[in-house]
**Student:** 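Pasting a structure below so you can have a look.
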Number of protein chains: 2
Amino acid sequence: MALEHAILVSLAERSASGYDLARRFDASIGHFWKASHQQIYKVLGRMEGDGWVTSEVVPQDGRPDKKVYVITDVGREELARFTTTSTPVEPLRSAFAVKLRALPFGDADAIRQDVRVRRSAHEQQLAYYAESAARFYPDPDHLADDELGGWLVLRGGILAEEAGIAWCDEILQRLAER
Amino acid sequence: MALEHAILVSLAERSASGYDLARRFDASIGHFWKASHQQIYKVLGRMEGDGWVTSEVVPQDGRPDKKVYVITDVGREELARFTTTSTPVEPLRSAFAVKLRALPFGDADAIRQDVRVRRSAHEQQLAYYAESAARFYPDPDHLADDELGGWLVLRGGILAEEAGIAWCDEILQRLAER
DNA sequence: TCGTGCATGTAACTTGTTACATGATTAT
DNA sequence: ATAATCATGTAACAAGTTACATGCACGA
């Protein structure tokens, strides 16, 4: 139920085609909400039916036409309403934790290797977030109103990656003792 | 694709009925993998078809019959194989982050309130994990082989909750400045 | 008698993934 | 030639949620 709202946020920031949105969902927004272009087109159709967005076909030269979606007043109201609903803490669903519990029934070396891979993935993501923070928010103590949300989301990502790395380190230490 | 494996882990630890599993998925395993009883029954059926588990109807008195599921050798092999596959870091999908990005288009007071609720949920969960750790692993420096996985998963939960609390605190501080 | 626990399921629906399809332009 | 980018979709499937259904036992 929240892909709609992620799209509304994105369109409220700037109107876009389904294709544009798909690229945004590969980058900025995609850090906390993934969506494939297929899913985006599907949901956009429903949102247009609900009157949350309108679309206009824009011809281009040397490129296929694009359908640019614009948020409507109804869409803005829906987005405002969404901010007043409570968002339950999303339950974590971790295949990695399942694997840890499977330790006595499986291959400890393979798991150790997987933890290392996982740790470096966290490191990479952290580096990416740090770079984004430095580039887009060079002065985090003086943020404009429309920058605060993005900054806070980035901070959340950074804290999560740091926690992930700390977890991997604990696991590796414990597994090394055996 | 991993509910199967979560069930295999649980059955490898101890045979159980669908109902028993559903309760485990409300507690211990449920901390990192939620599943409804409907979903569990559905998947158990498939797993039996695949030969990963077998079942036996056990009559009880004063209670309905139960169908006890036991992991097979094929199931144990599958579980071991699972530990050798790589588990990609699960992308985070956070409606809460969407809401933060919606800050300029919504109700800051309502969001502030939601953060407070979220923070206390993290606190509660952390307290619960801490209590579980103290009760089930009173001596974490000397863990048996079959305890290590459970301990590490608990540690992951604790680190995640602590990071969640730290995030909420940062958000509240930033929102208070406005 | 009314709710809770025990125990197992089916059916309908929503959400998301994977595979497939089309077709022009531009760069290697 | 061939791959990548732009641009929009359909179809089939997998996974998960919500609602519904049944029925006994036990305690308040």
Side-chain angles (χ1 to χ4, degrees), chain A residues 1-8 10-11 15-27 29-30 32-50 53-69 87-88 90-95 98, chain B residues 1-8 10-11 15-27 29-30 32-50 53-69 87-88 90-95 98:
Chain A
M1 263 304 114
L3 175 54
E4 279 89 335
H5 298 112
I7 289 177
L8 282 180
S10 199
L11 290 180
S15 298
S17 67
Y19 187 84
D20 296 332
L21 284 170
R23 277 186 309 172
R24 293 187 197 167
F25 276 81
D26 268 346
I29 311 170
F32 53 91
W33 202 280
K34 300 278 173 213
S36 62
H37 69 103
Q38 294 93 329
Q39 183 70 5
I40 288 166
Y41 286 123
K42 205 191 287 183
V43 170
L44 275 173
R46 187 166 62 220
M47 289 170 74
E48 190 165 20
D50 290 341
V53 297
T54 51
S55 67
E56 200 187 337
V57 176
V58 176
Q60 303 180 106
D61 43 77
R63 288 180 183 189
D65 295 354
K66 63 158 84 179
K67 227 164 131 184
V68 174
Y69 288 88
T87 44
E90 31 279 307
L92 51 94
R93 177 160 276 214
S94 169
V98 172
Chain B
M1 259 308 113
L3 175 54
E4 278 88 336
H5 298 112
I7 290 175
L8 282 180
S10 198
L11 290 180
S15 298
S17 66
Y19 188 85
D20 296 332
L21 285 170
R23 277 186 310 170
R24 292 186 200 169
F25 275 81
D26 268 346
I29 310 168
F32 53 91
W33 202 280
K34 301 279 173 212
S36 62
H37 69 103
Q38 293 93 328
Q39 184 69 7
I40 289 167
Y41 285 124
K42 206 190 287 183
V43 171
L44 275 174
R46 187 166 61 221
M47 290 169 73
E48 191 165 20
D50 290 341
V53 298
T54 51
S55 67
E56 199 189 338
V57 176
V58 177
Q60 303 181 107
D61 41 79
R63 287 181 186 187
D65 295 354
K66 64 157 82 178
K67 226 162 131 183
V68 174
Y69 287 88
T87 44
E90 32 281 304
L92 51 92
R93 178 159 273 215
S94 170
V98 173

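Throughout, a chain's letter reflects where its sequence line sits, starting with A, and its residues are numbered from 1. Remember, it's a predicted structure, so these values are computed and weren't measured experimentally.
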**Student:** I need the OH-P distance between Y41(B) and dA11(C), as an integer number of Å.
**Tutor:**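 Atom OH in Y41(B) sits about 17 Å away from atom P in dA11(C).
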
**Student:** Any chance CD of Q60(A) has more than 12 other-residue heavy atoms, nucleotides or ligands included, within less than 6.0 Å?
**Tutor:**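 Check passes, neighbour count above 12.
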
**Student:** Whole-Å distance between dA7(D) C1' and L21(A) CG?
**Tutor:**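 From L21(A) CG to dA7(D) C1': 13 Å.
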
**Student:** Can you check the E90(B) CD to dG16(C) P distance for me, whole Å?
**Tutor:**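 Atom CD in E90(B) sits about 17 Å away from atom P in dG16(C).
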
**Student:** Using whole Å, report how far CG of L44(B) lies from C1' of dG9(C).
**Tutor:**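 Checked: the CG to C1' distance equals 12 Å.
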
**Student:** Rounded to whole Å, please give me the gap between CZ in R46(B) and P in dG16(D).
**Tutor:**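 Going from CZ in R46(B) over to P in dG16(D) covers 9 Å.
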
**Student:** Relative to the 5' end of DNA chain D, which residue comes earlier, Q60(A) or K42(A), by the nucleotide with the nearest heavy atom?
**Tutor:**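 Here Q60(A) is the residue nearer the 5' end.
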
**Student:** List in chain and number order the residues that pass side chain to side chain contact (heavy atoms under 4.5 Å, CB included) with A95(B), two or more places apart in sequence or in another chain; answer none if no residue qualifies.
**Tutor:**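 Here the qualifying residues are A2(A), W33(A), T87(A), E90(A).
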
**Student:** Whole-Å distance between dG23(C) C1' and K66(A) NZ?
**Tutor:**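 In whole Å, dG23(C) C1' and K66(A) NZ are 18 Å from each other.
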
**Student:** Taking OP1 and OP2 of dC6(D), is either one under 4.0 Å from a side-chain nitrogen or oxygen of Y19(A)?
**Tutor:**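 Affirmative; the distance criterion is met.
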
**Student:** Distance check needed: dC6(D) P versus R24(A) CZ, whole Å only.
**Tutor:**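 It works out to 14 Å between those atoms.
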
**Student:** Summarise protein proximity over nucleotides 18-28 of chain D in one line of letters, 5' to 3': B for base, S for sugar-phosphate only, - for none, counting protein heavy atoms closer than 4.0 Å.
**Tutor:** BB---B-S---

**Student:** Excluding sequence neighbours, so at least two apart, what forms side chain to side chain contact (heavy atoms under 4.5 Å, CB included) with S17(B)?
**Tutor:**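 Expected list: Y19(B), D20(B), K66(B).
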
**Student:** Over all heavy atoms of both residues, which pair between A16(B) and L11(B) is shortest? Give the atoms and the distance, please.
**Tutor:**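 Answer, listing the atom of A16(B) first, then L11(B): N-CD2, 3.5 Å.
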
**Student:** Scan K67(A) against the nucleic acid and name what it touches under 4.0 Å (heavy atoms): base, sugar-phosphate only, or nothing.
**Tutor:**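 Result for K67(A) = sugar-phosphate.
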
**Student:** Rounded to whole Å, please give me the gap between CD1 in I40(A) and C1' in dA7(D).
**Tutor:**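 After rounding, the reported distance stands at 13 Å.
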
**Student:** With the side chain of D20(B) defined as its heavy atoms from C-beta on, choose the nearest nucleotide among dA7(C), dC6(D), dT17(D).
**Tutor:**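 From the listed options, dA7(C) comes nearest.
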
**Student:** Provide the closest heavy-atom pair for R24(A) versus S15(A) in the form atom of the first, atom of the second, distance.
**Tutor:**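 For R24(A) versus S15(A), the nearest heavy atoms are NH2-O, 3.6 Å.
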
**Student:** Under the rule for side chain to side chain contact (heavy atoms under 4.5 Å, CB included), what residues qualify as partners of D26(B), not counting sequence neighbours?
**Tutor:**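 Partners of D26(B) under the side chain to side chain contact (heavy atoms under 4.5 Å, CB included) test: none.
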
**Student:** Can you sort out the partners of Q39(B) under side chain to side chain contact (heavy atoms under 4.5 Å, CB included), two or more places apart, ordered by chain and number?
**Tutor:**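 Here the qualifying residues are L3(B), S36(B), K42(B), V43(B).
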
**Student:** Assuming nearest nucleotide by heavy-atom distance, tell me which of Q39(A) and R23(B) is located more 5' along DNA chain C.
**Tutor:**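 Counting from the 5' end, the first nearest nucleotide belongs to R23(B).
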
